[in-house]
Amino acid sequence: MDLKAQLKAAVERAAADLGAPVDAAIQETPANKPGDYGTPAAFQIAKALGQNPAQVAAGLAERVQLPEGISRVEAAGPFLNFFVDVGAFVRGVVEKPFEMPPLGGKVVIEHTSVNPNKELHVGHLRNVVLGDSMARIFRAAGHTVEVQNYIDDTGRQAAESLFAESHYQRVWDGVQKYDHWMGEGYVRLNADPAKPSLEEGISAVMHRLEAGELRGEVEKVVKAHLATCFRLGARYDLLNWESDVVGSGFLTQAMTILEGSRYTTHPTEGKYAGAFVMDVSEFMPGLEEPNVVLLRSDGTAMYAAKDIGYQFWKFGLFEGMRFKPFLTDPEGHTVWTSAPGGQPDLERRFGHAQEVINVIDSRQDHPQTVVRSALGVAGEGEKKERSVHLSYAFVTLEGQTISGRRGIAVSADDAMDEAENRALKVLAEINPDLAARADAHEIARRIGIGAIRFAMLKAEPTRKIDFRWEQALALNGDTAPYVQYAAVRAASILRRAQEAGHATDGTGADWDALADLDLGLAKMVARLPEVVAQSVRVHSPHVVAQYALDLATAFNAWFNAKDRAGKPATNVLQSPAGLREARLALVARLRRAFEETLDLIGIEVPAAM
RNA sequence: GCGCUCGUAGCUCAGGUGGAUAGAGCGUUGGCCUCCGGAGCCAAAGGCCACAGGUUCGAGUCCUGUCGAGCGCGCCA
């Protein structure tokens, strides 16, 4: 049990003794307030007992049993504040690895799901980075995570790009990135005044796609997409193809389940005559039109019905899909794909989620709520509650709406190229020796990709992002390079200590020599598990990104701290023996915290900067 | 019209289940290398937390309303 949990229990016991059981909140005391952790519990107790909060706090202070590691308690007016034993606390933090109480349950996260007809643009980056970071965070929190990427291989967009290829007799030179090349045909077709007369040909391609005849063509685009996503650091477990979702009978099975619901009907008259309709008003109050058409009166399926079938499958409501390995990712893990000729999933390896997170932009809020409601309609109330739409605001480009069709976009590949180039340029300016090293490109890669990822997730997903080079690729301020720099600095201290023969593992440490400055840093490190828990709770990685900044700020402030005489107050290597080893151990733990935290959002620490 | 999301410093954003004097970055101004890395640190200036009510011992946070912004509302995908 960690310290805060122990404090909470202690306060609650004391409150119970006073005759007023409470749910005590333990929080860090604000700067300039006495103590390290405190609770406003006296307010609640005073109210229950009809007494003065300050007196209650004083009473609690006398009564509360201090857990180990707490040196004293003090009532500050109505607040009850605890002072930690500095040496014991820091030692505890240093010796305790990052770990989370294991959470059970499998989580399926769907992200990316980019139409396979054109290269990714900067707007897609947000989706990929959000989804990939959530996957990392949920894994760290102890969940089993399966990342799925939905391939819409029967859609109009894929058909148009493939049609353009033959219509314009385009030939790929084998050099240009394949998805970019396909995208050019798509843009050309949509700028072609003759396009309205080409519908027949496009339609024919759609039929061939549905028949699975062009799977190989689509796969080439998908592989090009994955190259982009891998470069960003994203990883996948399974590709689900729309044609397979349909071909596996998910639609039929889902409709069979919904047939049994009292919320679905086959109206025989009125505007929905002949259709299969779902009434979602109980799950989506306030709608003008509570009915959702699932099957048209001609028997064909609405898109929503396919989505519902897929979502039902993710939760394991039925089986029927076949799978085979698709390719190997940069870490050597196999990415699987649905496939007509694959093997049945006898071990129930895929799907069967306890929770499903769909990363889709906020324009899909309404359709996603319909999909979610369908679980309620099917009588799966618990699964409905654990069906999460991670909704984010669509990215604009210099104030303009991004449009792949009209070619108004900056590609994800170009953005990453530019980010790495800028990082390399800055490196050459401020650290020419480093820029001449053999690993300069790897350093620039980590900085550039880190900067982009961080820019895409440091704010809440509901925030609009207007992509501008200067801020997306900024290397100062609230950015990944700021955090990376702090981590590199920490490593630099450790390296020099090792060169000088000092222990960095706490051997020979005099913990009691540590000061309040050091304590502040240790308290920041200790927050990581709570941060992860909160990120999981709110389904957003921005919490982790903000924490990474806090960690770096705390370290930089500590690193530069001056005493009253204006001399460095925390110089590790020049600290007296004992204190030096304690501080080195703290820096070593902090360095790990940087790596652990940045890894949660898919950012790597460079060897040097 | 209805629904969803949002409104915090000049700009971009943080702000655990409501708790102590609302915090960062960018920009502006002024400082800091006799000291482990200046992509850094310190300081100053900058706030009716959109507005009005309400709940509460306590509201940036919860509720209602108003104003403003974005998005969505098809037997399309």
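Keep in mind that this is a model prediction, so the values were computed, not measured. So you know, we letter chains A, B, ... as the sequences are listed, proteins then strands, and number each from 1.
The partner of B/A20, taking Watson-Crick or G-U wobble pairs whose two distances both stay under 3.5 Å, does not exist in any strand shown. Under the Watson-Crick and G-U wobble criteria, each requiring two contacts below 3.5 Å, nucleotide B/G25 is paired to B/C11. Searching all strands for a Watson-Crick or G-U wobble partner of B/G1 with both distances below 3.5 Å returns B/C73. In this structure, B/C36 makes no Watson-Crick or G-U wobble pair, since no nucleotide meets both defining distances under 3.5 angstrom. Using N1 to N3 plus N6-O4 or O6-N4 for Watson-Crick, or N1-O2 and O6-N3 for G-U wobble, each under 3.5 Å, B/U55 pairs with nothing. Across all strands shown, nothing is found opposite B/G46 as a Watson-Crick or G-U wobble partner with both distances under 3.5 Å. Under the Watson-Crick or G-U wobble criterion, with both distances below 3.5 Å, B/G60 is left unpaired in every strand shown. Across every strand in view, B/C6 sits in a pair with B/G68 that passes the Watson-Crick or G-U test at under 3.5 angstrom.
Distances shown here put every side-chain N or O of A/R363 at or beyond 4.0 Å from the OP1 or OP2 atom of B/U5. Side-chain N/O atoms of A/T462 include none lying less than 4.0 angstrom from OP1 or OP2 on B/U5. Residue A/Y547 places no side-chain N or O under 4.0 Å from the OP1 or OP2 atom of B/G15. Taking only side-chain nitrogens and oxygens, A/Y303 never comes nearer than 4.0 Å to OP1 or OP2 of B/A77. Here A/R496 reaches the OP1 or OP2 of B/G37: one of its side-chain N or O atoms lies under 4.0 Å away. Between A/R296 and B/A77, a side-chain N or O to OP1/OP2 separation shorter than 4.0 Å is present. Residue A/R489 places at least one side-chain N or O closer than 4.0 Å to OP1 or OP2 of B/G38. Phosphate contact (OP1/OP2 of B/G15, side-chain N/O of A/H542, threshold under 4.0 Å): present. Residue A/K47 places at least one side-chain N or O closer than 4.0 Å to OP1 or OP2 of B/C57.
Going from the C1' atom of B/A44 to that of B/G27 covers 14 Å, rounded to whole Å. Spacing between B/G47 and B/A22 at atom P, rounded to whole Å, works out to 13 Å. Rounded to a whole angstrom, the distance from the C1' atom of B/U17 to that of B/C13 is 23 Å.
Going from atom CG of A/D550 over to atom C1' of B/G23 covers 10 Å, rounded to whole Å. Look at CD1 on A/I430: it is 16 Å from C1' on B/C33, rounded to the nearest Å. At whole-Å resolution of the value, OH in A/Y310 and P in B/A77 are 19 Å apart. What separates CG of A/L80 from P of B/G19 is a distance of 18 Å, to the nearest Å. Residue A/E460 contributes atom CD, which lies 15 Å from atom P of B/U12 at whole-angstrom precision. In this structure, the CZ atom of A/R580 is 12 Å from the C1' atom of B/C36, given to the nearest Å. Taking atom CD of A/E470 as the reference point, atom P of B/G27 lies 12 Å away to the nearest angstrom. Here B/G18 presents its P atom at 15 Å from CZ of A/F43, a figure rounded to the nearest Å.
The base of B/G15 does not come close enough to the side chain of A/Q546 for any donor and acceptor atom to sit less than 3.5 Å apart. Side-chain atoms of A/S297 come within donor-acceptor range of the base of B/C75, with a qualifying N/O pair under 3.5 Å. For A/N81 against B/A20, a side-chain-to-base donor-acceptor contact under 3.5 Å is present.
Base contact: A/L427 has a heavy atom under 4.0 Å from a base atom. Counting any heavy atom pair closer than 4.0 Å across all strands shown, A/I447 reaches a base atom. Residue A/A545 is out of contact with every strand shown, counting any heavy-atom pair closer than 4.0 Å. Here A/M609 lies in heavy-atom contact (under 4.0 Å) with a base. A/E530 comes within 4.0 angstrom of a base, heavy atoms only. Counting non-hydrogen atoms under 4.0 angstrom, A/G155 reaches nothing in the nucleic acid. As judged by a 4.0 angstrom heavy-atom cut-off over every strand, A/K306 is placed among residues making no nucleic acid contact. Residue A/L475 is in base contact, counting any heavy-atom pair closer than 4.0 Å across all strands shown. At a threshold of 4.0 angstrom between heavy atoms, the contacts of A/A608 include nucleobase atoms, whether or not backbone atoms are also involved. Using a 4.0 Å heavy-atom distance criterion, A/T29 is classed as a base contact. The residue A/N571 sits close to a base: some heavy atom pair falls under 4.0 Å. Among the protein residues, A/K458 comes within range of no part of the nucleic acid, since none of its heavy atoms lies under 4.0 Å from any strand. Note on A/Y482: only backbone sugar-phosphate atoms sit closer than 4.0 angstrom, heavy atoms only; bases stay farther off. As judged by a 4.0 angstrom heavy-atom cut-off over every strand, A/K33 is placed among the base-contacting residues.
The aromatic ring of A/F79 does not sit over the base of B/G19, since the test of centres under 5.5 Å and planes under 30° is not met.
Base orientation of B/G23: anti, the glycosidic angle falling outside 90° of 0.
The side chain of A/S362 approaches B/C71 more closely than any other nucleotide in the set B/C36, B/C71, B/C4.
One finds no salt bridge joining A/R296 and A/D298 here, because no Lys/Arg side-chain nitrogen approaches an Asp/Glu carboxylate oxygen to under 4.0 Å.
Side chains of A/N117 and A/R156: no donor on one and acceptor on the other come within 3.5 Å. A/N81 and A/K33 share no side-chain donor-acceptor pair at under 3.5 Å. Residues A/N127 and A/Y392 bring a donor and an acceptor atom of their side chains to less than 3.5 Å of each other.
Nearest-nucleotide mapping onto RNA chain B: of A/N476 and A/T401, the residue sitting toward the 5' end is A/N476. The residue among A/G38 and A/L549 whose nearest nucleotide of RNA chain B lies closer to the 5′ end is A/G38.
Atom CZ of A/R527 sits about 6.0 Å away from atom CD of A/E28, to the nearest 0.5 Å.
For the pair A/R372 and A/F283, the cation-pi criterion (under 6.0 Å, within 45° of the ring axis) is not fulfilled.
At a threshold of 4.5 Å between non-hydrogen side-chain atoms, the residues A/F82 and A/E74 do not count as touching.
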Original post:
Going through the distances and angles, do A/Y310 and A/Y150 end up as a ring pair (Phe, Tyr, Trp, His ring centres under 6.0 Å)?
Top reply: CA-CA 10 Å; A/Y310 182 31; A/Y150 189 71; 4.8 Å; yes
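Screening A/N358, A/D361, A/T462, A/D365 for a side-chain hydrogen bond (donor to acceptor under 3.5 Å, both in side chains) with A/S391, the sole residue that qualifies is A/D365.
Between the side chain of A/K562 and the main chain of A/N560, a donor-acceptor pair closer than 3.5 Å is present.
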